Student: 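Provided herewith is a single structure, encoded as structure tokens, for subsequent inquiry.
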Amino acid sequence: MAYRKELLREARRYRTCPPPHIMEDPRHFESLARHRRICPYCAAGTDQENPWHTLFDNIIRMAGPRDEMAEAGDIQPGEFRCIRPDRGTWRDGNYYSPPMVLVLEKTGTISDDLRVAQVYHDTGLAGPGDLVLTGEQTGREELFVETWNIYTLKAGYLGPPVGRRQDADIIQSVQKMADDPEYLPEWAMLTRPLADEDARIYFRRLEIEVGYSFASQAVEALMDELEGSEPVLVYDSDEEIREAVRAVMPSVSWNLTPETPGEILAFAQLPPEETAMAASDGTEETVPGNLFLLKEGRIASCRTVRVRILGWSPIATGVEMIGQIMELPADLNQSSLYCYLHDPETGVQSPQDDDWDEKEGRFRVVFHCPAETEGRLSFAVVGEAE
């Protein structure tokens with residue numbers, strides 16, 4: 001356990017402490033000062049003892065020149081590529097260094113978008129749901145693919161390929177593990193189960209934060225390429241929306257009094273026996289949400305979905321939550337996410353800031369409330385599907 005805690009400390013330094021070329025850049029001094037106020041590793045004002053800077057410099061060399069743009073046509077599934085160094089970003093006092101990813105597919109749904117799985121190099125932090133690959137398989141070193149950390153990037157965000165391209169069997173194994181956490185190829189290394197307070201649980205939260213930092217950049221850019229991306233309800237009143245919900249959910253009830261169309265959809269509840277199970281494996285919280293599918297602006301169907309809460313962190317403006325909506329239709333488009341936090345003392349809150357990636361079902365919301373707030377979360381996804 002102590003061994004993994006040390007690996008976690010090293011991972012946090014590697015993922016969130018600025019590398020030398022950032023620390024030496026005067027343009028980042030203000031952000032660096034803020035980072036040093038919250039980072040015990042960088043508080044002394046020196047980075048000469050950080051063993052990860054050498055590793056980061058190696059990754060920069062693997063990723064190629066900072067002004068190099070990878071073309072979508074050159075990228076193939078199965079390639080390991082590093083996100084370009086110039087995509088590194090500050091967020092909430094930490095500097096998120098670009099990770100390596102495994103390209104899973106070129107979706108072509110929106111421009112040059114790709115589905116990728118994040119990769120980490122120290123297999124001491126691998127656990128259930130991670131696919132460990134040997135140095136012979138990767139062509140460089142042993143590493144593991146985080147099948148629980150898959151997201152969308154633009155092709156131009158990636159540098160040149162690194163190591164050996166993986167064959168279709170590896171890609172299929174990653175996708176099967178993402179869909180079924182119990183699946184593991186016969187040839188793959190079996191990892192130890194996660195224990196209570198396991199350092200790997202906190203490592204996964206860190207990796208989700210890293211992935212979000214880069215996926216959110218890509219989603220914003222991709223969504224800018226779309227027009228009219230949000231669904232439009234054509235009902236004339238809130239009561240018409242209620243009746244439309246009752247038509248597809250005859251047993252519906254509202255424990256909270258909704259005041260907006262979004263609240264009507266998010267607060268709608270089915271009886272417990274008809275609600276998706278909200279299970280937990282010890283690494284994450286899962287709650288039920290509603291999925292409403294529209295046809296020409298009118299509610300055509302509804303079902304419950306699972307909402308994974310992957311991170312809940314205090315930030316300067318309140319509390320930031322990161323999660324993922326599970327079981328969304330593959331052809332979902334023009335969708336919106338409605339999310340609310342109900343605290344009995346302060347009432348219903350809507351997010352002060354939010355990001356929604358309908359392709360992966362990932363979201364980030366920020367509530368302006370104290371970190372210790374304990375409230376009930378309500379979700380609804382509204383969109384169209386073929």
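Computed from heavy atoms alone, side chains included, the values below leave out hydrogens, waters and symmetry copies. None of these values were measured; they are calculated from a predicted model.
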Student: If only atom types and distance count, is the side chain of Asn290 paired as donor or acceptor with the main-chain N or O of Ala268 below 3.5 Å?
Tutor: yes
Student: Look at the side chain of Asn255 and the backbone N and O of Ser253, then say whether any donor-acceptor pair between them is shorter than 3.5 Å.
Tutor: no
Student: According to the interplanar angle, ranging from 0 to 90°, do the rings of Trp90 and His28 count as parallel (below 30°), tilted (30 to 60°) or perpendicular (above 60°)?
Tutor: tilted
Student: Is Ile38 reachable from Leu32 through a run of hydrophobic residues whose side-chain heavy atoms are each under 4.5 Å from the next?
Tutor: no
Student: Do Glu263 and Tyr338 have side-chain atoms, one donor and one acceptor, less than 3.5 Å apart?
Tutor: no
Student: Rounded to the nearest 0.5 Å, how far does CG of Asn94 lie from NE2 of His35?
Tutor: 6.0 Å
Student: So, the side chain of Arg200 versus the backbone of Pro193: is there a donor-acceptor pair under 3.5 Å, distance only?
Tutor: yes
Student: Taking all atoms of both residues into account, what is the closest heavy-atom pair of Arg84 and Gly159, and its distance?
Tutor: CG-N, 3.7 Å
Student: Can you see whether Asp122 engages Tyr14 through a side-chain donor-acceptor pair at a distance of less than 3.5 angstrom?
Tutor: no
Student: Within this structure, what is the OG1-CD distance for the pair Thr147 and Gln118, rounded to the nearest 0.5 Å?
Tutor: 12.0 Å
Student: Hey, could you give me the OG/CG distance between Ser213 and Asp92, rounded to the nearest 0.5 Å?
Tutor: 8.5 Å
Student: Search all heavy atoms of Pro329 against all heavy atoms of Leu291 and return the closest pair with its distance.
Tutor: CD-CD2, 3.6 Å
Student: Can you find a pair of side-chain heavy atoms, one from Val103 and one from Ile171, that are under 4.5 Å apart?
Tutor: no
Student: Locate the shortest heavy-atom distance separating Met189 from Leu184; write the atom from each residue and the value.
Tutor: O-CD2, 3.8 Å
Student: Please check: side-chain N/O of Thr123 versus main-chain N/O of Ala126, any donor-acceptor pairing under 3.5 Å?
Tutor: no
Student: Quick one, Tyr96 with Phe214, criterion ring pair (Phe, Tyr, Trp, His ring centres under 6.0 Å). Give me CA distance, side-chain angles, the key distance, then yes/no.
Tutor: CA-CA 9 Å; Tyr96 289 91; Phe214 297 96; 7.4 Å; no
Student: Ring-plane angle category for Phe267 and Tyr340, please: parallel below 30°, perpendicular beyond 60°, tilted otherwise.
Tutor: perpendicular
Student: Go through the steps for Arg15 and Tyr120 under the test side-chain contact (heavy atoms from CB on, under 4.5 Å), then give the verdict.
Tutor: CA-CA 10 Å; Arg15 290 303 203 197; Tyr120 197 72; 3.2 Å; yes
Student: Judged by atom type as modelled, is there a donor-acceptor pair below 3.5 Å linking the side chain of Glu358 to the main-chain atoms of Ser335?
Tutor: yes
Student: Between Arg246 and Glu239 (salt bridge meaning N to carboxylate O under 4.0 Å), is one present in this structure?
Tutor: yes
Student: Might you point out which heavy atoms bring Pro128 and Leu194 nearest each other, and give the distance in Å?
Tutor: CD-CG, 4.0 Å
Student: I need the Arg13 CZ to Cys42 SG distance, nearest 0.5 Å.
Tutor: 7.5 Å
Student: To the nearest 0.5 Å, tell me how far His342 NE2 sits from Arg376 CZ.
Tutor: 8.5 Å
Student: With the side chain counted from C-beta on, respond yes when Arg12 and Leu206 share a heavy-atom pair under 4.5 Å apart, and no when they do not.
Tutor: yes
Student: Show the numbers, then the answer: is there a side-chain contact (heavy atoms from CB on, under 4.5 Å) between Leu233 and Leu265?
Tutor: CA-CA 11 Å; Leu233 293 169; Leu265 302 176; 4.2 Å; yes
Student: Ile150 and Gln175: side-chain contact (heavy atoms from CB on, under 4.5 Å), yes or no, with the steps?
Tutor: CA-CA 9 Å; Ile150 294 173; Gln175 293 172 333; 5.8 Å; no
Student: Does the side chain of His121 reach to within under 4.5 Å of the side chain of Arg140, using non-hydrogen atoms?
Tutor: no
Student: Give a yes or no on whether a salt bridge exists between Glu6 and Arg9, defined as a side-chain N under 4.0 angstrom from a carboxylate O.
Tutor: yes
Student: Does Arg308 make a cation-pi contact with Trp148, if we ask for NZ or CZ under 6.0 Å from the ring centre and within 45° of the axis?
Tutor: no
Student: Side chains of Tyr202 and Glu197: does their closest heavy-atom pair fall under 4.5 Å?
Tutor: yes
Student: Do Thr138 and Val162 have side chains that get closer than 4.5 Å, going by heavy atoms?
Tutor: no
Student: To the nearest 0.5 angstrom, please state how far the OG1 atom of Thr16 sits from the OH atom of Tyr41.
Tutor: 8.0 Å
Student: If you compare all heavy atoms of Pro98 against all heavy atoms of Gly88, which two are closest, and at what distance to 0.1 Å?
Tutor: CG-N, 3.6 Å
Student: side-chain contact (heavy atoms from CB on, under 4.5 Å), that's the test. Do Arg192 and Arg4 meet it? Break it down for me.
Tutor: CA-CA 12 Å; Arg192 289 186 177 274; Arg4 287 203 178 101; 4.0 Å; yes
Student: State which residue, out of Leu104, Leu158, Thr152, fulfils the side-chain contact (heavy atoms from CB on, under 4.5 Å) condition with Leu114.
Tutor: Leu158
Student: Any donor and acceptor pair, going by atom type alone, linking the side chain of Arg164 with main-chain N or O of Phe80 inside 3.5 Å?
Tutor: no
Student: Could you tell me whether the side chain of Gln76 reaches within less than 4.5 Å of the side chain of Lys106, counting heavy atoms only?
Tutor: yes
Student: Checking Glu146 side chain against Ile208 main chain: does a donor-acceptor pair fall under 3.5 Å?
Tutor: no
Student: Counting C-beta onward and ignoring hydrogens, is there a side-chain heavy-atom pair between Ile299 and Leu294 closer than 4.5 Å?
Tutor: yes
Student: Is any side-chain heavy atom of Val381 less than 4.5 Å from a side-chain heavy atom of Leu332?
Tutor: yes
Student: Salt bridge check: are Arg364 and Asp353 linked by an N-O gap of less than 4.0 Å?
Tutor: yes
Student: In this structure, would Met326 and Leu337 fall into the same cluster of hydrophobic residues linked by side-chain contacts under 4.5 Å?
Tutor: no
Student: Can a donor-acceptor pair be found, under 3.5 Å and without considering hydrogens, that links the side chain of Asp169 to the backbone of Gln172?
Tutor: no
Student: Out of curiosity, does Leu256 fall in the hydrophobic cluster containing Trp254 (side-chain heavy atoms, cut-off under 4.5 Å, transitive links)?
Tutor: yes
Student: According to the interplanar angle, ranging from 0 to 90°, do the rings of Phe367 and Trp312 count as parallel (below 30°), tilted (30 to 60°) or perpendicular (above 60°)?
Tutor: tilted
Student: Quick test of your reading of the model: are Arg204 and Glu207 salt-bridged, counting only N-O distances below 4.0 Å?
Tutor: no
Student: Could you pull out the closest heavy-atom pair between Gly211 and Tyr151, with the gap in Å?
Tutor: CA-CE2, 3.5 Å
